[in-house]
Number of protein chains: 2
Amino acid sequence: MLRSHTCGELRLSDVSKEVVLCGWVQTSRDLGGLTFVDLRDRFGVTQLSFNMDTDPVMCEKGRQLGREFVVQAKGEVVERSNKNKTIPTGEIEIIVKELTVLNKSVTPPFTIEDQTNGGDELRMKYRYLDLRRQVVRKNLELRHRMAIETRNYLDKQHFLEVETPVLIKSTPEGARDFVVPSRMNQGQFYALPQSPQTFKQLLMVSGFDRYYQIVKCFRDEDLRADRQPEFTQIDCEMSFVEQEDILNTFEGLVKHLFKTVKGVDIPEMPRMSYADAMKYYGNDKPDTRFEMRFTELNEVVKGVGFKVFDEAELVVAICAKGAADYTRKQLDELTDFVKRPQIGATGLVYARYGNDGSIKSSVDKFYNEDELKKWVKICNAELGDLLLILAGNAEKTRKAMSELRLEMGNRLGLRDKNTFSCLWVVDFPLLEWNEGDTNLLASLAGRWVAKHHPFTSPKPEDIALLDSDPGAVRANAYDMVINGVEVGGGSIRIYNKDLQAKMFSVLGFTNEEAQKQFGFLMNAFEFGAPPHGGIAFGFDRLCSLFGGADSIRDFIAFPKNNAGRDMMIESPSEISEEQLHELKLILRQDEVKKN
Amino acid sequence: MLRSHTCGELRLSDVSKEVVLCGWVQTSRDLGGLTFVDLRDRFGVTQLSFNMDTDPVMCEKGRQLGREFVVQAKGEVVERSNKNKTIPTGEIEIIVKELTVLNKSVTPPFTIEDQTNGGDELRMKYRYLDLRRQVVRKNLELRHRMAIETRNYLDKQHFLEVETPVLIKSTPEGARDFVVPSRMNQGQFYALPQSPQTFKQLLMVSGFDRYYQIVKCFRDEDLRADRQPEFTQIDCEMSFVEQEDILNTFEGLVKHLFKTVKGVDIPEMPRMSYADAMKYYGNDKPDTRFEMRFTELNEVVKGVGFKVFDEAELVVAICAKGAADYTRKQLDELTDFVKRPQIGATGLVYARYGNDGSIKSSVDKFYNEDELKKWVKICNAELGDLLLILAGNAEKTRKAMSELRLEMGNRLGLRDKNTFSCLWVVDFPLLEWNEGDTNLLASLAGRWVAKHHPFTSPKPEDIALLDSDPGAVRANAYDMVINGVEVGGGSIRIYNKDLQAKMFSVLGFTNEEAQKQFGFLMNAFEFGAPPHGGIAFGFDRLCSLFGGADSIRDFIAFPKNNAGRDMMIESPSEISEEQLHELKLILRQDEVKKN
């Protein structure tokens, strides 16, 4: 090794040792007679000391060192007179006796500090410099630790990590696949997996019993903030289980991660039905760090002549604790918030329940105090609380109220990044109607599509509804939600060929299409498929949640931007005519945009 | 869980417990009054017992169970009268009281036994059934254990696992890339990585110090036995190291794997130069489980009028211990062996050193006993040994002799799969001349190409030769070889922009091409790149070696055949017009073969 120690390990007990350190020049301070250089590596920072009186030649060398130079320094560990108690190596320094510049550096385009002056674009282009910043590197160290602990837990539970193929077959029933032209099988394509779903199910048919994999998956989606075309899943499957077995096993995994990585104890995770999540939070991934559940007011607001409420399918309130003193300005801001096009409410009604017991609403014209008291009561409001009320079409109003609830949670400081509230949302609908989602192939518009995926089993008691009322069929499907973020989801699978064929038929597949795309799986079900189910966690998202960040990008070493481009290596890029020729592909030149 | 225990865990101490097992019917024996069913899962086999006298209804049910049916059985653990000492559960059986068929099975196309009657093609098509066979599943369990222990070792050595991107940029300087058309960036393509090489080097520039990843890589190669278009590497990189540091660190990894996974102690691994490997074994991955090193005979065979030897650039011998009694037939077989077109020798000369001290050669006409004694002496032959001699062009003769040596190793039983001989081959040439390798783009023919890759550093003392004699430049490159298999290889990297630019120039890149393809890396070298180096192990190959198998295919859950096809899912396959349209691609229909 070119060093005897890292820049993070020397202590007072090492004083008088001769050591060799390697690292980058973080800062250099020239105090005339003395020059101090902070030498940085992944493990820490150690101060190098140069003295003009005792060794002027060496001191001159030290003065020449520029920011981010790579240096090898030999010298003696001595006790510092001016100790820095904020870093573990702060009690010692190195009197440098030999100094070698291993590599120089031009001036970086932004500062290598926790608070950098580099903008997003510059940081992405010079990602290798951005990764030198401790705050970014710590994120990837966290990710490493999460992966290690995930494997430790699952290995102890007898899960086998099995690698599934990356070059698979395009089955465009869901989001778009990335495809890979085959040179050896001309005119044919592989596809990159959106998940290893069918393979992990086949492993269950193979009797592997418990499978997992931390695995890259791919989805060719349109521009979307904080989505990556390639992302990582903790992908798992178990045999001979019922839903509760899976929930318990993976609740255990997440608790283990919180405990070992963050030292946080997570209590038992509640189970909430999808129907309740929508009813009480307007959201299938409710942020349960705070209550503020919805109260439906239809029973107490209708029939007094307030047309907005009378004509509404749903009138719904939240109770913001202690916010009765909100100013007119604050309430106007909230009204503007709900009227934004992304939220789309037409207005906001409020009622202040003053500390003096008075109730003042924005619709006093229509409701007298006795009537308002009913609102307060049904909402369990206390003195000093503020009721916020939206009305209209049930679905849209719930969505809008969910946004308002989260906004109030922010305003009232109820969404602390270091508090973690976990739950399971269960009993999802099996299907949803696709009006024309642009992330799906256009040919799938106007059809039922699987809410989870086509291999999810319907609840046995709902199977009869598959023909008569597909939208009402509930699935054995579940999501884990933490702080309003869906971190994982899964289902108990179909393991019967006929039911799987029925499911494909409901999804609009002909028998031939189903057989062509998924024949291998349906055939496998004929050879003794066990009951099985599984789950996948979004690993990038889970890491960012543990790291207390909103964006996943800084938990990925080399992320792509929202247009799917890697700005550092400048990819994607054009390929050579020779490559296109070998693949027997022609670009539709007339429509190719020159980049 | 649908079971209380697995099929591998019940013992005598569990007798009289009520248990529930789930699994597959391995075999069923109907002995009239008694029916026995072997129930199998990943963890083992447990015998279910049915008695026609005591429970005729249940016994009838048991008799109906077909091979590979999936069954849930409740019952009582009892001691077996007829114990099976060959399996851990062989002392007990289950008196079945409740029996549920969870899924039926049609008859499998081949038997689910260690020795199956299924051919290769059938096994690949029904891989999910093939994986039920214990011998195949054990391979994947070994692979899981290898991955866990690899991570344990590297984590303890402060390596960070960092995921590098799969959608990268095509840089066709080596083997062919698989490419991925971008829908969002039309006319442009991603490429799948042949290795994370540039990214791991950038992580070193970022100061990550020690990186590893167990990662899928991709190479679009022509048909080749036992190669897969996607394969897995243990990919590693370290900063502030010299070659010996890397060799020691990864010698440690492989020793750790042998110790923890196989219980085998591996001694210190010798270092052998590439030049010596070629000289003494005719092979840069010598199988050192046995000696039989080459002896060059030029000095002792020339000038007596035997034209074949006189005109040969190289005359080389191996000494096969104790094979002097080889029959004429055996020697003819060896002659046929070396004359096969793949080996290409024109003939084989031998000399028997009989136990009586006599020496008989196939060229007695030209060499008298005194001369032959010189051969025996220079080869260190002992009484009873057989000398085998080839002559001709040096390079071709060494290659042919290497094949003959391995063949003799096989014939003499010197290549035991449970013996492991590890070594490092070092000081590889930096470059090799590409006559027209069909696995490279045609445009690279008639050029120097990197033997390892373009980022490998030349030995400092050889840099001057880069212009005058590129083929003579040695690299700081090394391979780990076990039992004649190259399991890993790596190098100390270039970390200086000018030297990297020089290297690209030697490889025939214009400045513009080098900048366009690898500008990001050369720019990174300007910001303080540390000295660094690394290695990658072929994980599939390493697992197959540990498993004592020749083929990697059974250490991959879902392998592709030699044409790159997945026979189970039938991939690659055609994609829809809609997909092609969105990607703005046209197939060159006239040349597309219909499959």
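Order of the sequence lines sets the chain letters (A, B, ...), proteins ahead of strands, with each chain counted from 1.
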[X] side, atom [atom1]; [Y] side, atom [atom2] - distance, nearest 0.5 Å:
| X | Y | atom1 | atom2 | result |
| --- | --- | --- | --- | --- |
| A/Met568 | B/Ile168 | CE | CD1 | 10.0 Å |
| B/Ser571 | A/Gln188 | OG | CD | 8.5 Å |
| A/Arg210 | B/Thr6 | CZ | OG1 | 10.0 Å |
| A/Glu230 | B/Leu167 | CD | CG | 4.5 Å |
| B/Leu583 | A/Leu587 | CG | CG | 10.5 Å |
| B/Glu68 | A/Phe527 | CD | CZ | 10.0 Å |

Where does [X] contact chain B at under 4.5 Å (heavy atoms): side chain, backbone, both or neither?
| X | answer |
| --- | --- |
| A/Tyr211 | neither |
| A/Glu582 | side chain |
| A/Leu521 | neither |
| A/Asn248 | neither |
| A/Thr198 | neither |
| A/Tyr126 | side chain |
| A/Lys560 | side chain |
| A/Phe555 | neither |
| A/Lys104 | backbone |

Minimum heavy-atom distance between [X] and [Y], given as atom pair plus value:
| X | Y | value |
| --- | --- | --- |
| B/Gly528 | A/Ser105 | N-CB, 3.6 Å |
| B/Arg42 | A/Phe208 | NH1-O, 3.0 Å |
| A/Arg145 | B/Asp155 | NH2-OD1, 3.0 Å |
| A/Pro531 | B/Leu2 | CG-CD1, 3.7 Å |
| B/Thr164 | A/Phe558 | CG2-CE1, 4.4 Å |

> Between B/Glu578 and A/Ala442, is there a donor-acceptor pair closer than 3.5 Å when you use the side chain of the first and the backbone of the second?
Replying inline: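 At least one qualifying donor-acceptor pair exists.
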Contact leader toward chain A among [options], where contacts are heavy-atom pairs under 4.5 Å:
| options | answer |
| --- | --- |
| B/Arg3, B/Gln228, B/Arg151 | B/Arg151 |
| B/Ile246, B/Leu585, B/Val179 | B/Val179 |
| B/Met204, B/Arg67, B/Arg137 | B/Arg137 |
| B/Ser182, B/Ala557, B/Pro530 | B/Pro530 |
| B/Leu580, B/Val241, B/Asp41, B/Ile148 | B/Ile148 |
| B/Asp566, B/Asn152, B/Val162, B/Leu203 | B/Leu203 |

Any side-chain heavy-atom pair from [X] and [Y] closer than 4.5 angstrom?
| X | Y | result |
| --- | --- | --- |
| A/Glu141 | B/Leu160 | yes |
| B/Tyr212 | A/His144 | yes |
| A/Gln579 | B/Phe189 | no |
| A/Glu570 | B/Lys516 | no |
| B/Ser576 | A/Ser170 | no |
| A/Asn103 | B/Glu526 | no |

Among the listed options [options], the residue most often paired with chain B at heavy-atom distances under 4.5 Å:
| options | result |
| --- | --- |
| A/Tyr495, A/Phe218, A/Tyr190 | A/Tyr190 |
| A/Asp220, A/Leu202, A/Leu140 | A/Asp220 |
| A/Gly66, A/Pro108, A/Ala529, A/Gly519 | A/Ala529 |
| A/Ser239, A/Pro229, A/Ser443, A/Ala147 | A/Ser443 |
| A/Thr232, A/Leu102, A/Val166 | A/Val166 |
| A/Cys22, A/Ser573, A/Gly23 | A/Ser573 |

Answer with side chain, backbone, both or neither: which region of [X] has an atom nearer than 4.5 Å to a non-hydrogen atom of chain A?
| X | result |
| --- | --- |
| B/Thr249 | neither |
| B/Arg176 | side chain |
| B/Arg143 | side chain |

>> Quick one, A/Leu192 with B/Phe178, criterion side chain to side chain contact (heavy atoms under 4.5 Å, CB included). Give me CA distance, side-chain angles, the key distance, then yes/no.
In response: CA-CA 12 Å; A/Leu192 304 182; B/Phe178 283 106; over 6 Å; no
> Can you name the residues that form a side chain to side chain contact (heavy atoms under 4.5 Å, CB included) with B/Arg133, not counting sequence neighbours?
Replying inline: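 Here the qualifying residues are B/Ile112, B/Thr116, B/Arg123, B/Asp130, B/Val135, B/Val136.
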>> For A/Phe231, give me all partners under ring-ring contact (aromatic ring centres under 6.0 Å, His included), at least two apart in sequence or on another chain.
In response: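 By the ring-ring contact (aromatic ring centres under 6.0 Å, His included) rule, A/Phe231 matches no residue at all.
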>> Go through it in stages, so that I can follow the logic: the residues are A/His581 and B/Arg588, the test is side chain to side chain contact (heavy atoms under 4.5 Å, CB included), and I'd like the CA-CA distance, side-chain angles, deciding distance and then a yes or no.
In response: CA-CA 9 Å; A/His581 182 83; B/Arg588 253 167 56 208; 3.2 Å; yes
>> Quick one, A/Arg183 with B/Asp177, criterion salt bridge (Lys or Arg N to Asp or Glu O under 4.0 Å). Give me CA distance, side-chain angles, the key distance, then yes/no.
In response: CA-CA 10 Å; A/Arg183 185 176 56 90; B/Asp177 287 324; over 6 Å; no
